[in-house]
Amino acid sequence: MIKSDSHSDQSEKTSSVPMINTEYVSGLVSVIIPTFNRKQLVQEALASVVAQTWPDIEIIVVDDGSTDGTFERLTRWQRDNPEIAFTVLHQDNAGVASARNNGLAHARGEFLYMLDSDDLVFPDALETLVQLLSAGNFPYAIANIHSSDENGRILAADKSGISRSSEQNILSNSWMTHAALYRRSTLLESGIYNNSLVVGEDTEFVWRVVAKTGSGSSTSKYIGLRRQHSFGHLSFNRTDHECTKSSLQARLAFREWANSENLEIEKTDMRYRIAIVGMAIRFGCAGDWESKDHAKRLYVCIMNDPDRKPNFVDILAMPNRRLYYHFLLSIYLAAKGIRGVYRFVRNLRDSGHQGAKAIS
């Protein structure tokens, strides 16, 4: 660990978040940890960072308006560990994306690492990722993350922490927040987190990184734990409607950004377009007119034709009448059912032909 200087010894309170700085300290890893009402868990996360084998680290914790004494506990931890480069920031509750961006604005490292306050990293995690980046001019490095229970027992059947990376299919890219280490130059190119997204901000961020910088370096090694616990996971205990809404908002934000950057994103097939129409209908059935209009906007974005004339989706998603969308949903589900029966009959016919050929 590098020793703390006069800047990192001071607890700060700030609400403004400037853009990420172009200047940095070579070889330094800035670990940014947002937290909200997790005074015990965040200390365990801090302990896992302090135990890292990579020597040049600064820790920046951003308290996102906690009400349980988290900020006071952090400032006490700072006083008790003066030898550690540690900054604790406090902001009014604005969400995890805003908190991460606040931390990034104060980061001084060449390398940037995001860790949620309820997760843990293994002692050689940062050293592994830095070595991956140092092996070439890669924009980022990714590893795998185990899912575990609150006590750190690995859930072997849960494979959600295995990172997926593909330069060809941007929307298939997915990795846990603390599975990746980024060069500062990467975020200067792709941008920081989207403050407007409450959920899915990390996935949308990953899509932008890959769309702008391409493939990174990867390893199949596991470098940390994502703990499942009862202390308020934002992504747990959410309805299907909320999950679909979050997915839609992330996809829309990415597509609008890609279009504004004039980036060529892979073409979407008819199945994906039909799925968006299905989203619009379901949101209409729920009376969620804002999300229905977002689905319509996403359809326009993936077509990426500024001169196009009003089409079927524009007309279909026009009225705000729930009965109308329930009628459309019945037609939509009936069409899917007919399509399913057609596929089933076709498969039976094909298997029959193959059996006849085998007999002959």
Side-chain angles (χ1 to χ4, degrees), residues 17-20 22 95-98 100-101 104 114 139-140 142 164-175 177 180 182-216 242-284 288-318 320:
V17 182
M19 293 297 290
I20 186 172
T22 57
V96 65
S98 173
R100 287 198 191 113
N101 288 338
L104 287 168
M114 268 58 71
Y140 57 91
I142 55 175
R164 298 191 301 275
S165 177
S166 169
E167 195 173 351
Q168 287 69 44
N169 185 1
I170 300 297
L171 296 183
S172 69
N173 285 276
S174 176
W175 54 76
T177 300
Y182 305 92
R183 292 187 186 275
R184 179 176 292 263
S185 57
T186 300
L187 271 66
L188 287 169
E189 193 171 351
S190 64
I192 54 179
Y193 290 86
N194 188 329
N195 286 345
S196 68
L197 297 176
V198 177
V199 178
E201 80 297 328
D202 48 353
T203 302
E204 192 269 342
F205 170 78
V206 164
W207 293 338
R208 279 189 281 114
V209 166
V210 179
K212 267 291 190 178
T213 65
S215 297
E242 291 170 333
C243 291
T244 303
K245 184 174 181 177
S246 299
S247 174
L248 170 63
Q249 289 172 338
R251 290 171 184 268
L252 176 60
F254 171 71
R255 286 288 179 175
E256 290 185 332
W257 169 83
N259 288 352
S260 70
E261 294 285 322
N262 296 315
L263 293 178
E264 286 289 335
I265 306 299
E266 66 269 8
K267 299 295 183 180
T268 57
D269 58 19
M270 183 57 69
R271 184 183 302 178
Y272 184 67
R273 297 173 194 175
I274 291 173
I276 297 175
V277 173
M279 277 188 187
I281 293 173
R282 292 178 188 279
F283 284 129
D288 188 344
W289 310 124
E290 181 183 35
S291 295
K292 182 263 295 183
D293 290 337
H294 284 170
K296 179 179 170 182
R297 276 171 54 193
L298 177 58
Y299 192 92
V300 172
C301 281
I302 65 173
M303 299 305 291
N304 199 16
D305 182 8
D307 299 321
R308 72 180 185 86
K309 297 178 181 179
N311 61 18
F312 171 71
V313 172
D314 294 295
I315 298 170
L316 177 145
M318 192 176 298
N320 288 349

Do W207 and R251 have side chains that get closer than 4.5 Å, going by heavy atoms? yes
Treating N259 as the side-chain partner and C301 as the backbone partner, does any N or O pair qualify as donor plus acceptor under 3.5 Å? yes
Between Y193 and M114, does a side chain to side chain contact (heavy atoms under 4.5 Å, CB included) hold up when you go through it step by step? CA-CA 11 Å; Y193 290 86; M114 268 58 71; 3.6 Å; yes
Between the side chain of S246 and the main-chain N/O of E242, is any donor-acceptor distance below 3.5 Å? yes
Here the pair of heavy atoms bringing I265 nearest to A211 is CD1-CB, 4.3 Å
Are W257 and K212 side-chain neighbours, meaning at least one heavy-atom pair lies under 4.5 Å? yes
Contacts of T213 that satisfy side chain to side chain contact (heavy atoms under 4.5 Å, CB included) - sequence neighbours left out: P139, Y140, T186, E189, V209
Measure the shortest side-chain to side-chain distance between R297 and E256 over non-hydrogen atoms and say whether it is less than 4.5 angstrom. yes
Test item: S247 side-chain N/O and T244 main-chain N/O as donor-acceptor pair under 3.5 Å: no
Heavy atoms of S165 and I142 approach each other most closely as CB-CD1, 3.9 Å
State, yes or no, whether a side-chain contact exists between L187 and F205 at a heavy-atom distance under 4.5 Å. yes
Do NZ/NE/NH1/NH2 and the carboxylate oxygens of R208 and E261 come within less than 4.0 Å? no
Heavy-atom nearest pair, E204 first then A250, reads CG-O, 3.5 Å
Taking D293 for its side chain and E290 for its backbone only, find out whether a donor-acceptor pair lies under 3.5 Å. no
Does the side chain of H294 reach to within under 4.5 Å of the side chain of K245, using non-hydrogen atoms? no
